[in-house]
Structures are given as structure tokens and as C-alpha cells.
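Some notes on the structure that comes next.
Counting starts at 1 for both ligands and their atoms, in listed order.
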Amino acid sequence: MMTIDRVRLHDIALPLLFPFRTSFGVTTTRETMLVEVSGDGVTGWGELTAHDRPNFSGETLETARHLMTDFLIPTLLSGDGSGPGRWATPDDFLAATGWVRGHPMARAALEGALLDWDATTRAESLAHYLGGSRARVPVGVSLGIESSIEALLERIDQFHDRGYQRIKLKVKPGWDVDVLEAVRGRYPSMPLTVDANAAYTARDMDHLREFDRYRLTYLEQPLPHDDLVDHARLQRLLATDICLDESIDGPAACRSALALGSGRVVNIKLGRVGGHRAARTIHDLCQGAGLPVWCGGMLETGIGRAHNVAMASQANFLLPGDISASDRYWKEDLIDPPFRLEADGTLAVPTGPGIGVAVVEERLHRARTRLTGFPSR
Ligand code: OSB
Ligand code: MG
């Protein structure tokens, strides 16, 4: 039995240690929303991965607030008919709101909080609750576009020396082959990947073939988010594996991509696919097809990061995730203990109940720009 009698939305703004630039924009301060659910003396936490602008996907902080405020939270707090806020299981609530089209990030943030609540209630770690088996997850680092190749090389040196298992670079037209030439010159054998965030088009296929020279583990999302057919054409032309990110907005897109041959690797992001349940379905589809998956990142605070680490403890997360340590992003994370990079280039999967990390109230308070409680009285 699940009883949730209060939901709180914490809007936060947390400055990054250094700006993160992609082909679609730059983030200096991460603005997002944390979702806190409580009932029966237990609290669960989730994190929204949407941005302030609809540049990565169509969702924003405000569309998520709308979905939460006007649809998801009222249904959650009204319950299944057996009493206010009462549901047999979190999955019954998810099924009851299954009619909602789209808005995977809004749904994932609330689902995450409910699964943390449920795992905590059962005194079980979220990783174990999800069926994860690993005690440590391999991690890499995603580095943004810099003002010069020299500045990027310095950045790479810094994170290579910390022991990350692979480095991912953001690319876009005009910031690609020359960059790769320089990076491969300095680090001939380091595991390296690139992410275009959909910055190229089908007309760039000849240019993208030049990437084959740099022995990349994969090329992430070169083409538009809704173009699985051209990704399949491109994959046939490339030696390098294509990894899909933006294109996989749920299990159905994953099935289409597998059927078309649109890539050979899948980045699973909790928000983008609509939460832990959808992530598991995609994990299993890829495993069945013999494709490795890895856990993507959206510049999460420690709360979203704890969800990612728990997810990535599942068996087919075979490649290092974009789940870097807290000190890659923040002067001070919102959680205690922070995520630390282990000597073997992994993060330890928390073993305590639920997400296994505690929100530090005073830091949350400092980062918070708005607090909305439900019920509002
Ligand atoms: O495409 O993987 C991406 C961050 C924001 C939006 C999209 C992406 C990213 C990253 C950062 O690459 C990964 C991280 O959280 O470290
Ligand atoms: Mg990506």
C-alpha cells in the first residue's frame, strides 16, 4: 500500500563550476525542479531533467510544472478510490496516468520520487529495487565546447588525470574534425566519444565519414531527433557505431530504431524516456538485440545522479555513463555524501534505503528559488 499525503516542488538554481556549451546552447546555472513526496513518515525524491528552454526536447521547467500541478499531482493526491493519496503500488498510479501523452520528463521526475519512497519504505536500496546487480558503475565525463582547442585540451587533461574511463566531447559543424585531430594527437588510445546533439543533417554524411579516422567508441546523435531513417542510412555508411540519445523518447522509438538499424548503442536517460519503468523496457529490448546501453546525464544534482547510478547498476549498462562525480559539476552538491570518483573510474552504488543519499536541507534552501506545496493549505 502506498499513501502519499504531501508533494512539494522545489525550483532550484545551482551554478555549475564552469559553463557547459553544446551545439544547442550554454548552461551556466542549472535551473530545474526537485520533487519531494511524503507519506507514512517516509520521503521520496525525484529530479526533473528538463531545461529552462525547449532545446534538448520539447519540455521545459514550466511545461513540467503545468503537468504536475494540473494533472499528475491532483490524481496522485486523490488516490485510487480507497482513500486520499492511497494507491496499491506506484505502478497503479503510473497506469492510472498512462493516458497522458508525452511529457516524459515530468512523469519521470514524479515516478522517481515515488519509487524512492517505495524502496525506502521497503528498506531496500533503489538499485536493488530496480533489479540492479552491480556495486560500482563505470563512468566517463562529458565536456562541452570551449573557446579554443587549447582550452579544451586543458580541460581534457584535467579530467583524464582524475581517472574517468572515457571522455565525451561535444561537436557541431565547425568544431569537429580539427578538434578530434588535436585530441587524438595528444591521446592516441584514450576511450573517446563525441556527441553532436542533432547538429548535422543528412547532407553532412560525407563529412561525418571523416569521423571514422578517430577510433571513437561511438558517435552520439548526429542527426535530428525525429529522423531514425537517416540515422539508419548513416549507420550503413560509417564504421563508427552510432549511439542514439534524443531519438529514443521511449520504448516504441527504441523498437523502431532496432528494426531500422538506426544505431548500435543506446544512451538511456531517465527523463527523456519517461522514468525507471520505461528505462528498464529499453534496457531489456537492447539486451535482447545484443546492443549495449549506457546512462546519459542532464547535469543532475546529486538526487538525479543517485537515480542514474541506481539505474546504471543494471546488467546491460555496459559502457561508462555520463554520471560524473559531484565535483565535476558543483562547488557543493545538494546531497550528503557527494558522489566521489573511485580509483578505478567508477562511482559506488549507494546501499542505503531508496536513493541512499540525504538531501542537505540548508543547501537546498540556499539553491531554492521557489517552493510549491500540495495540498496548498
Ligand atoms: O546530450 O548528453 C547530452 C547535458 C545536457 C543535455 C544533453 C546532454 C548533456 C550532457 C551532459 O552531455 C552529461 C552530464 O550530465 O554530465
Ligand atoms: Mg547526448
Which residue supplies the protein heavy atom nearest to atom 9 (C) of ligand 1, what is that atom called, and how far is it?
G297 O, 3.5 Å
Please evaluate residues R65 and D70 with respect to the criterion salt bridge (charged side-chain N to carboxylate O under 4.0 Å, His left out), reporting the C-alpha separation (whole Å), side-chain torsions for both, the decisive distance (0.1 Å), and the verdict.
CA-CA 8 Å; R65 188 194 316 286; D70 296 329; over 6 Å; no
Answer yes or no: is there a donor N or O on one side and an acceptor on the other, between the side chain of Y200 and the main chain of K172, under 3.5 Å?
yes
Proximal ligand 1 atoms for D245, defined as those under 4.0 Å from one of its heavy atoms
1 (O), 2 (O), 3 (C)
Check: W87 ring centre within less than 6.0 Å of F93 ring centre
yes
If you have a sec, work out which protein heavy atom is nearest atom 16 (O) of ligand 1 and how many Å separate them, to one decimal?
Y329 OH, 2.6 Å
Could you tell me, atom by atom, which parts of ligand 1 come under 4.0 Å of a heavy atom of N197?
1 (O), 3 (C)
Tell me whether R305 has any N or O atom under 3.5 angstrom from an N or O of ligand 1.
no
Do F339 and W330 pass the ring pair (Phe, Tyr, Trp, His ring centres under 6.0 Å) test, and can you show the C-alpha distance, the side-chain angles, and the key distance before you say yes or no?
CA-CA 11 Å; F339 283 99; W330 322 113; over 10 Å; no
Residues V183, L153; criterion side chain to side chain contact (heavy atoms under 4.5 Å, CB included); working and verdict:
CA-CA 7 Å; V183 173; L153 289 174; 3.9 Å; yes
Kindly confirm whether the Mg ion (ligand 2) is within less than 2.8 Å of some N/O/S atom in E220?
yes
Looking at F20, which atoms of ligand 1 are within less than 4.0 Å of one of its heavy atoms?
4 (C), 9 (C), 10 (C), 11 (C), 12 (O)
Picking from R368, E47, R370, what satisfies side-chain hydrogen bond (donor to acceptor under 3.5 Å, both in side chains) with H10?
R368
Less than 4.5 Å apart, any side-chain heavy atom of D206 and any of L237?
no
Heteroatom proximity flag, D195 to ligand 1, N/O under 3.5 Å:
yes
What do you reckon, does S324 have a nitrogen or oxygen under 3.5 Å from a nitrogen or oxygen of ligand 1?
no
Per-atom contacts of ligand 1 with E220, taking only distances under 4.0 Å to non-hydrogen atoms
2 (O)
The N/O/S atom of D245 lying closest to the Mg ion (ligand 2) is OD2
Any N/O/S atom of D195 sitting less than 2.8 Å from the Mg ion (ligand 2), backbone or side chain?
yes
F56 neighbourhood, listing ligand 1 atoms whose heavy-atom distance to it stays under 4.0 Å:
1 (O), 7 (C)
Using 4.0 Å as the upper bound for N to carboxylate O, is an ion pair formed by R166 and D322?
yes
Determine, for R272 against D249, whether the closest basic-nitrogen to carboxylate-oxygen distance falls under 4.0 angstrom.
no
Identify the closest protein heavy atom to atom 15 (O) of ligand 1: which residue and atom is it, and at what distance?
L299 N, 2.8 Å
Taking atom types as modelled, is there a side-chain donor on T240 or D212 under 3.5 Å from an acceptor on the other?
yes
Can you find a side-chain donor-acceptor pair between Q221 and D195 that sits under 3.5 Å?
no
Can you find a non-hydrogen atom of R328 under 4.0 Å from ligand 1?
no
What are the atoms of ligand 1, with element, lying closer than 4.0 Å to any heavy atom of H51?
5 (C), 6 (C)
For K269 and ligand 1, answer yes if some heavy atom of the residue is under 4.0 Å from a ligand atom, otherwise no.
yes
Counting non-hydrogen protein atoms only, what is the nearest one to atom 6 (C) of ligand 1? Give residue, atom name and distance.
M298 SD, 3.5 Å
Ligand 1 versus T22: contacting region, heavy-atom distance under 4.0 Å
neither
So, do F71 and H103 have ring centers that fall under 6.0 Å from each other?
no
